[in-house]
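As structure tokens, the structure follows; a few thoughts come after it.
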Amino acid sequence: MALAISGITWILSYRCNLNCRHCFFDVDGPLRVLDSEMAHKALVSLNQSESLSWQHVSGGEPLLFEQELHRLLEVIQASGSKTIGIATNGFWGDSLQRAKQTVAQLKQRGVNGVCLSADKYHQQYIPLEHIQTAAEQVFAQGLGKHSFIVRCCLEEEKPATEKESFALPLAPIPVRTIGKGSSLALEAALGHKEGLPNSPCRNLCCCLGETSPFEPQMVWIDPYGNVMICYGLIIGNLNAESLVDILENYSVRQSAFLETLATQGPIGLYQLAVKTGWQPVGPFADECDLCWQARYALRGDFPEALGPDECYPDFIGTGL
């Protein structure tokens with residue numbers, strides 16, 4: 001069944017200047033930056049009557065690679081997307097002059113939404129004042145409509161304190177229970193349930209909430225050309241196929257791995273991994289944690305579907 005997507009998140013690079021405890025990427029892996037020509041070919045191949053509703057650039061930290069970022073934004077801008085966003089940790093808010101220049105350059109290349117990270121994980125590395133300066137410039141230069149302060153927090157935490165104030169609205173989101181995030185959730189005594197989580201996969205398309213999991217309205221595309229419907233879950237690669245062919249040929253039956261996940265849910269992956277010799281320790285925070293840890297164990301059996309290594313960082317967790 002062909003996928004009809006409304007947006008793309010481009011992972012410019014997995015590299016970041018931070019290494020937050022809740023991050024689900026290995027930010028210290030090989031340096032690889034997305035080629036704007038690959039993005040151009042992918043967008044041209046879509047040949048849709050209407051442009052994508054939105055495109056977003058993420059990482060890693062995309063503003064570490066300004067030249068490559070600006071080339072990618074020019075490609076996105078030329079494709080006619082109505083909304084162009086970027087996610088950043090706001091390190092460039094260390095001075096007013098730098099913040100003004102950074103926002104002005106992003107605006108010139110069509111960006112109308114900036115998501116700035118501000119939470120206890122990022123602020124171990126970046127002073128909160130830098131985020132406030134960056135946010136003030138985003139607002140002052142007219143990009144406030146689609147811009148937010150993204151606050152990752154565990155369920156029991158308050159999204160902000162009375163001492164914090166930003167020029168942009170706050171968007172609290174839960175720490176994702178994959179990779180290092182699952183370890184954090186369990187350390188906080190969340191998800192200690194008897195038995196295994198056995199609900200179906202609900203949320204492959206996390207940016208759009210609980211849409212139909214196996215009919216995602218968006219894809220992620222990374223520097224290796226991987227087209228993903230969840231971080232580390234690959235449905236094709238742009239070095240082998242065009243984006244339109246990947247979307248048109250998509251099926252939950254394209255691999256035994258994906259069919260197992262679609263029909264049996266994360267617990268099916270758990271059972272599959274155990275059969276291959278995995279010896280999990282547990283417990284698991286939730287279905288996403290169970291799915292991610294089973295995927296980690298199954299990477300050698302399904303290399304075409306599970307990767308790259310940056311999406312499967314080593315960590316001291318419950319089952320690894």
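- Defined by atom type and a distance below 3.5 Å, a donor-acceptor pair is present between the side-chain atoms of Y14 and D222.
- When all heavy atoms are compared, the tightest approach of Q123 to S117 is OE1-O, 4.1 Å.
- Contact annotation: the side chain of L52 approaches that of L43 to within less than 4.5 Å [non-hydrogen atoms, C-beta and beyond].
- Nearest heavy atom pair, residue P197 against residue I267, reads O-CB, 4.1 Å.
- For the atom pair T133 OG1 and Q97 CD, the distance stands at 13.0 Å (nearest 0.5 Å).
- Ring centers of F25 and Y231: under 6.0 Å apart, within the cut-off.
- Both F139 and V103 sit in one connected hydrophobic cluster of ILVMFWY residues. Membership requires side-chain heavy atoms under 4.5 Å apart, directly or through other members.
- No donor-acceptor pair closer than 3.5 Å links the side chain of D245 to the backbone N or O of E241.
- Here the CD1-CG distance, from I221 to L12, works out to 12.5 Å after rounding to the nearest 0.5 Å.
- L290 is not listed as a side-chain neighbour of C288, based on a closest heavy-atom distance of 4.5 Å or more.
- A donor-acceptor distance shorter than 3.5 angstrom exists from the side chain of Q132 to the backbone of S165, with no hydrogens or angles considered.
- Annotation: side chain of S255 is in contact with side chain of E304 (closest heavy-atom distance under 4.5 Å).
- Counting only residues at least two apart or in different chains, salt bridge (Lys or Arg N to Asp or Glu O under 4.0 Å) contacts with residues 104-115 comprise E74-R109.
- Residues L96 and L168 fall into different hydrophobic clusters, defined by Ile, Leu, Val, Met, Phe, Trp and Tyr side chains chained together at heavy-atom separations under 4.5 Å.
- Closest approach of A305 and F257 over heavy atoms only: CB-CD2, 4.4 Å.
- Distance OG1/T177 to CZ/F24: 10.5 Å, rounded to 0.5 Å.
- Proximity of a side-chain donor or acceptor of D119 to a complementary backbone N or O of R151 within less than 3.5 Å is not detected.
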Legend entry - Test side-chain contact (heavy atoms from CB on, under 4.5 Å) applied to L247 and L46, step by step: CA-CA 9 Å; L247 298 178; L46 290 177; 3.8 Å; yes

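- Taking all atoms of both residues into account, the shortest heavy-atom contact from A273 to L298 is CA-CD2, 3.7 Å.
- For R32 and Y224, the side-chain atoms include no donor-acceptor pair closer than 3.5 Å.
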Inset, instruction - Could you go through the side-chain contact (heavy atoms from CB on, under 4.5 Å) check for R15 and F65 one step at a time? - result: CA-CA 10 Å; R15 187 65 61 90; F65 309 97; 4.0 Å; yes

Inset, instruction - Mind running side-chain hydrogen bond (donor to acceptor under 3.5 Å, both in side chains) on Y270 and Q293 for me, showing each step along the way? - result: CA-CA 8 Å; Y270 169 89; Q293 293 204 39; over 6 Å; no

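- The hydrophobic clustering, which links ILVMFWY residues whose side-chain heavy atoms are closer than 4.5 Å, places V44 and V227 apart.
- For N17, the side chain to side chain donor-acceptor pair (under 3.5 Å) partners two or more places apart in sequence, or in a different chain, are N89.
- The same ILVMFWY cluster, assembled from side-chain heavy atoms under 4.5 Å apart, contains both M38 and L31.
- Legend: residues meeting salt bridge (charged side-chain N to carboxylate O under 4.0 Å, His left out) with D94, ordered by chain and number and at least two apart, are R98.
- A donor-acceptor contact shorter than 3.5 Å is absent between the side chain of T83 and the backbone of W54.
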Inset, instruction - Tell me, with the steps shown, if D26 and Y312 meet side-chain contact (heavy atoms from CB on, under 4.5 Å). - result: CA-CA 7 Å; D26 177 2; Y312 295 94; over 6 Å; no

Distance-only check: which donor-acceptor pairs under 3.5 Å involve side-chain atoms of residues 258-266, not counting sequence neighbours?
unit_1, atom_1, unit_2, atom_2, d
T260, OG1, A256, O, 2.8
T263, OG1, E259, O, 2.7

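- Taking 4.5 Å as the limit, every side-chain heavy atom of H146 sits out of range of all side-chain heavy atoms of V114.
- In this structure, a donor-acceptor pair under 3.5 Å is present between the side chains of E61 and T88.
- How far CG of L272 is from CZ of R295: 13.5 Å, rounded to the nearest 0.5 Å.
- Between the side chain of Q141 and the backbone N or O of K100 there is at least one donor-acceptor pair closer than 3.5 Å.
- Residues L3 and V244 do not share a hydrophobic cluster, clusters being chains of Ile/Leu/Val/Met/Phe/Trp/Tyr side chains in contact below 4.5 Å.
- Contact check for I11 versus P223: side-chain heavy atoms found under the 4.5 Å cut-off.
- Checked by atom type and distance alone, the side chain of Q124 never pairs as donor or acceptor with a backbone atom of C20 at under 3.5 Å.
- Not counting sequence neighbours, F91 has no partner by the ring pair (Phe, Tyr, Trp, His ring centres under 6.0 Å) test.
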Inset, instruction - For D301 and T276, run side-chain contact (heavy atoms from CB on, under 4.5 Å): C-alpha distance rounded to whole Å, both residues' side-chain angles, the deciding distance at 0.1 Å, then the answer. - result: CA-CA 9 Å; D301 297 283; T276 65; 4.1 Å; yes

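- Applying the salt bridge (Lys or Arg N to Asp or Glu O under 4.0 Å) test to every pair with at least one member in residues 125-150, sequence neighbours left out, gives no pairs at all.
- A heavy-atom distance below 4.5 Å is not found between the side chains of W10 and H56.
- Judged purely by atom type and a 3.5 angstrom limit, S79 uses its side chain to pair as donor or acceptor with the backbone of I76.
- When all heavy atoms of F284 and P280 are compared, the pair lying nearest together is CZ-CB, 3.9 Å.
- Side-chain contact check for I84 versus Q77: some heavy-atom pair is nearer than 4.5 Å.
- Closest non-hydrogen pair, V138 versus S147, comes out as CG1-OG, 3.4 Å.
- Note that CD of E66 is 11.0 Å distant from CG of L73, once rounded to the nearest 0.5 Å.
- The distance from the CZ atom of R176 to the CG atom of D286 is 9.5 Å, given to the nearest 0.5 Å.
- If you look at H122 and H22, their ring centroids are closer than 6.0 Å.
- Heavy atoms of other residues, nucleotides or ligands lying less than 6.0 angstrom from NZ of K82 number more than 12.
- Listed for the Y125 side chain is a donor-acceptor partner under 3.5 Å among the backbone atoms of N19.
- Residues V27 and L18 fail the side-chain proximity criterion, which asks for heavy atoms closer than 4.5 Å.
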